[in-house]
Amino acid sequence: MRTETIALHAGYQADAPINAVAVPIYQTVAYEFDSAEHAAALFNLEAEGYRYSRISNPTTAVLERRLAALEGGVGALCVASGQAAVQNALLCLANPGRNIVSVPQLYGTTHTLFTHVLPRMGLHVRLAETDQPEEIGRLIDADTMAVYCESVGNPAGNVCDIAALAEVAHARGVPLMVDNTVASPVLLRPIEFGADIVIHSLTKFLGGHGTTLGGAIVDGGRFPWHDHAARFPMLNEPDASYHGLVYAEHFGPTAYIERCRNFCLRTTGAALAPLSAFLLLQGVETVALRVERHVHNARRVAEALRRDSRVAWVNYAGFPESPYYDLVRKYQGGQACSLLTFGVRGGVAGGIAFYNALRLVKRLVNLGDAKSLACHPASTTHRQMTAEEQRKAGVTPEMIRLSVGVEHVEDILADLDQALAAAARQT
Ligand SMILES: *Cc1c(COP(=O)(O)O)cnc(C)c1O
């Protein structure tokens, strides 16, 4: 099936005799056992079923199966937020003294996690100077557990060459982990191009309405963990926290995602609420339709800004002069994302005057809402970084980031026009 159909149907079959067409909300913490033996089989991960909603829940499981189908993976794990997804995905591979290698164009909080939190837990992050595969390859060593990138960087808008990154990682026995939040599986499915693990903030396009936090980890199921037993002891050696279970033997292709669930989520506790899973499923149903309109509106906005003499520069990967134009054609069928950045003439003062004059477009830090949103990364999402770190992450002081919504495009353009006029009057 194609994306539009998967988004509506995958992972749910109505149960007789009720046959509810909408996914039921299983607002329960626990599940009754038939017997002590049944409970033991569940706790041994031998029987299929539910134990406790911190680990799994039937409503959340529908969302997990649907996301796995959308991304072409073998399994998925939903958690409380995108940030919990990033953390749990890496915790699963963390061992003191090991490292991950990452591109520098990262979401602000992911950058903070990488530079200030994970190193305190013994997992060091080697941030490359650029997103170029040769440079990433040079940073990988015997202790590297993963290569990390955002398929489309937030807010830099860089498009990573996923197939080339997968090649340099796989040549050295390392999996590629891709945060696919900005592109969404509608525009790009990283697993098809060699990625091993895909991460999402469901808060953004997949939920799509700015109501609900959520995150997901999708396992591509193809990385040969058992061929790299020395590098990945956590999947190949008996797990003392699970009375000697060997994940790669017990689960085969779903070893990684099962360890994320039964080792990481079980102990970190960042579970997604069943009601949130239901709300996110409502968003997922229409994600393909919405992204189509987001992309269409963003192109119109990018073109209008580029023509406007009050605008100094526009960074939009759909322009032929963009360094990412060819990668957008290769990975996204030529459809650039609806996240774009630009600079107003008049530098930081001009940018702030423009930002403060917006009326329809909302001033906030989020993206992928049906509504158009604007943010000033240097003072918000990327504020904790040094100026040099901001530059590497693709953030400049005057930069405005737009997440173009699905309103009528003429109304969006009219708001941008009046805000640019206000900025021009003030500077
Ligand atoms: C928003 C975002 C996150 C974090 O997601 P939350 O749901 O806000 O925790 C991670 N990565 C990217 C690329 C994001 O845009």
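In each ligand, atom 1 is the first atom listed, and ligand 1 is the first ligand listed. Because the structure is predicted, anything quoted here is derived from the model rather than measured.
- A cation-pi arrangement is found for Lys204 relative to Tyr107, the charged atom lying closer than 6.0 Å to the ring centre and inside a 45° cone about the ring normal.
- Looking only at protein heavy atoms, the nearest one to atom 15 (O) of ligand 1 is Lys204 NZ, 2.8 Å.
- Looking at Thr60 and Tyr26, their side chains never come closer than 4.5 Å, going by heavy atoms from C-beta outward.
- At least one heavy atom of Gly214 lies less than 4.0 angstrom from ligand 1.
- For atom 6 (P) of ligand 1, the closest non-hydrogen atom of the protein is Gly82 N, 3.3 Å.
- Every atom of ligand 1 is numbered from 1 in the order shown, and the set under 4.0 Å from a heavy atom of Thr203 is 6 (P), 7 (O).
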Criterion side chain to side chain contact (heavy atoms under 4.5 Å, CB included) on Tyr148 and Phe114, from CA distance to verdict: CA-CA 11 Å; Tyr148 191 95; Phe114 284 9; 3.7 Å; yes

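- Protein heavy atom nearest atom 9 (O) of ligand 1, with residue, atom name and distance: Gln83 N, 2.8 Å.
- Both tests pass for Arg51 against the ring of Phe43: distance under 6.0 Å to the centre and angle within 45° of the axis.
- For atom 5 (O) of ligand 1, the nearest non-hydrogen atom of the protein is Ser201 OG, 3.0 Å.
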Tell me, with the steps shown, if Glu398 and Phe342 meet side chain to side chain contact (heavy atoms under 4.5 Å, CB included). CA-CA 8 Å; Glu398 80 284 15; Phe342 66 99; over 6 Å; no

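- Panel note: side chain Thr267, backbone Phe263; a donor-acceptor pair is recorded below 3.5 Å.
- Comparing heavy-atom distances from atom 10 (C) of ligand 1 across Leu367, Asn154, Asp179 singles out Asp179 as nearest.
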